[in-house]
Q: 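Attaching a single structure in structure tokens format; questions to follow.
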Amino acid sequence: MEEVKDEFFLPLVEQIYEKLKKEDCILTEANRWRKPSEVLIGDEEIKKLIPNEDLQKFLGKEYISEKIKTKKSVLNKLGVRDFSIDDLIKCLEKIEWVKNQNWEWFVNLFSYLSKEKFSDEQLEQIKNLSIIKLEAGELTSINEGIVFFPLEEKVTYGFENEIRVIKKDIIEIILKQGNKEEILEFFRELGLKKADPYEIIENHILPVYKSEIWK
């Protein structure tokens, strides 16, 4: 249809597109036929983060089947679109689901995010997401308070659970990645801070004990 140039046939082509938009004409990864608006194009990286089953559960959509070899321009005209950052943000808002992911998943998530370009609004939304696993075990968002990088790569001080330090195991895995600098830069853009032990004790631990909140 994309190759039709004759003006005589163009209205017919447009009618076909409009008709197909309303039909279950796109094969999905789960081998089902669905409407184009219910199907997304996703690469292998995003499929590892958001499998087809979860995509359907969270957004009511599915990935297009790899069996479909149609030109992307044709798919777009029908209404099939790429998986977007906004789609990812909606999935990451499912906190209980995020909690169940392993460290490797978090590393893959940060690797994926480090390659993307965000609008100011999207970046703020990401800062509100509880996607940072702390040394104490819980998940948090950047906007809930300052999060620190691990104090030292090979040293444990014993008070890491008392403050908001990102899980050391995650950082150790990231440091072995080929794109580690991109991921660390993304963390800095997100708002993670580097701090030495003295600064943390003086400004974060002592105030807690002085206020007797620790009791």
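Because the structure is predicted, anything quoted here is derived from the model rather than measured.
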Q: Run the side chain to side chain donor-acceptor pair (under 3.5 Å) test against Asn143 and tell me which residues pass, sequence neighbours left out.
A: Glu124, Asn128
Q: For Val98 and Phe106, which heavy atoms make the closest approach, and how far apart are they?
A: O-CZ, 3.6 Å
Q: Can you name the residues that form a side-chain contact (heavy atoms from CB on, under 4.5 Å) with Thr70, not counting sequence neighbours?
A: Ile68, Val74, Leu75
Q: How far does CD of Glu116 sit from CD1 of Ile46, to the nearest 0.5 angstrom?
A: 8.0 Å
Q: Determine, stepwise, if the pair Thr140 / Ile131 fulfils side-chain contact (heavy atoms from CB on, under 4.5 Å).
A: CA-CA 6 Å; Thr140 188; Ile131 57 174; over 6 Å; no
Q: Please enumerate all residues that pass side-chain contact (heavy atoms from CB on, under 4.5 Å) together with Asn102, with sequence neighbours excluded.
A: Glu104, Trp105
Q: Hey, does Leu78 have a side-chain heavy atom less than 4.5 Å from the side chain of Val39?
A: no
Q: Should we say atom CD of Glu23 is surrounded by more than 12 heavy atoms from elsewhere, each under 6.0 Å from it?
A: yes
Q: By side-chain contact (heavy atoms from CB on, under 4.5 Å), which residues pair with Lys67, not counting sequence neighbours?
A: Leu27, Asn31, Ser65
Q: Can you check whether Ser84's main-chain N or O pairs, donor with acceptor, with Asp87's side chain at less than 3.5 Å?
A: yes
Q: Decide yes or no for Leu139 and Leu134: does some side-chain heavy atom of the first lie under 4.5 Å from some side-chain heavy atom of the second?
A: no
Q: Does Ile95 share a hydrophobic cluster with Leu113, counting links as ILVMFWY side-chain heavy atoms below 4.5 Å and allowing steps through other members?
A: no
Q: Measure the spacing between CD of Glu172 and CH2 of Trp103 and express it to the nearest 0.5 Å.
A: 9.0 Å
Q: So Phe83 and Leu88, do their side chains get closer than 4.5 Å, heavy atoms only?
A: yes
Q: For residues 174-182, tabulate all N or O donor-acceptor pairs below 3.5 Å that involve a side-chain atom, not counting sequence neighbours.
A:
from: Gln177; atom 1: NE2; to: Ile173; atom 2: O; distance (Å): 3.2
from: Asn179; atom 1: ND2; to: Ser111; atom 2: OG; distance (Å): 3.0

Q: Check step by step if salt bridge (charged side-chain N to carboxylate O under 4.0 Å, His left out) holds for Arg164 and Glu138.
A: CA-CA 10 Å; Arg164 292 165 56 82; Glu138 72 267 23; 5.8 Å; no
Q: Is the shortest heavy-atom distance from the side chain of Arg81 to the side chain of Ile41 under 4.5 Å?
A: no
Q: Are the side chain of Lys61 and the backbone of Ser37 linked by a donor-acceptor contact shorter than 3.5 Å?
A: yes
Q: Measuring from atom CG of Asn52 to atom NZ of Lys57, what distance do you get when rounded to the nearest 0.5 angstrom?
A: 12.0 Å
Q: Can Glu18 and Lys21 be counted as an ion pair, charged N to O under 4.0 angstrom?
A: yes
Q: Quick one: do Leu55 and Tyr63 satisfy side-chain contact (heavy atoms from CB on, under 4.5 Å)? Show the steps, please.
A: CA-CA 8 Å; Leu55 181 65; Tyr63 294 116; 3.7 Å; yes
Q: Any chance you could measure Leu109, atom CG, to Phe186, atom CZ, to the nearest 0.5 Å?
A: 7.0 Å
Q: What's the separation between atom CG in Leu59 and atom CD in Glu38, rounded to the nearest 0.5 Å?
A: 12.5 Å
Q: Could I get the full list of side chain to side chain donor-acceptor pair (under 3.5 Å) partners for Asp86, not counting sequence neighbours?
A: Gln122
Q: Who are the salt bridge (charged side-chain N to carboxylate O under 4.0 Å, His left out) partners of Lys94, not counting sequence neighbours?
A: none
Q: Check whether any side-chain heavy atom of Lys193 sits under 4.5 Å from a side-chain heavy atom of Phe149, and report yes or no.
A: no
Q: In sequence, state the C-alpha distance, the side-chain angles, and the governing distance for Ile64 and Leu40, and then conclude on side-chain contact (heavy atoms from CB on, under 4.5 Å).
A: CA-CA 6 Å; Ile64 191 170; Leu40 297 176; over 6 Å; no
Q: Applying ring-ring contact (aromatic ring centres under 6.0 Å, His included), name anything that partners Phe187, two or more places apart in sequence or on another chain.
A: Phe110
Q: Would you say Asp82 and Lys72 make side-chain contact, with heavy atoms under 4.5 Å?
A: yes
Q: So, using salt bridge (charged side-chain N to carboxylate O under 4.0 Å, His left out) as the criterion, who are the partners of Lys69 when residues are at least two apart?
A: none
Q: Under the side chain to side chain donor-acceptor pair (under 3.5 Å) test, which residues partner Asn108, sequence neighbours left out?
A: none
Q: With a 6.0 Å cut-off (strictly less than), is the heavy-atom count around NZ of Lys47, excluding the residue itself, greater than 12?
A: yes
Q: For residues Val147 and Ile166, report the shortest heavy-atom separation together with the two atoms involved.
A: CG1-N, 3.9 Å
Q: Please round to the nearest 0.5 Å and tell me the distance separating atom CD of Glu53 and atom CZ of Phe58.
A: 9.5 Å
Q: Check the pair Leu184, Arg188 against side-chain contact (heavy atoms from CB on, under 4.5 Å), reporting the backbone distance first and the verdict last.
A: CA-CA 6 Å; Leu184 294 176; Arg188 287 188 281 268; 4.0 Å; yes
Q: Report the residues that fulfil side chain to side chain donor-acceptor pair (under 3.5 Å) with Trp97, sequence neighbours left out, ordered by chain and then residue number.
A: Asp54
Q: Could I get the full list of side-chain contact (heavy atoms from CB on, under 4.5 Å) partners for Gln56, not counting sequence neighbours?
A: Arg32, Arg34, Glu62
Q: With side chains defined as the heavy atoms from C-beta onward, is the minimum distance between Ile26 and Trp33 less than 4.5 Å?
A: no
Q: If we ignore hydrogens and angles and just use 3.5 Å, is the side chain of Glu144 paired with the main-chain N or O of Ser141 as donor and acceptor?
A: yes
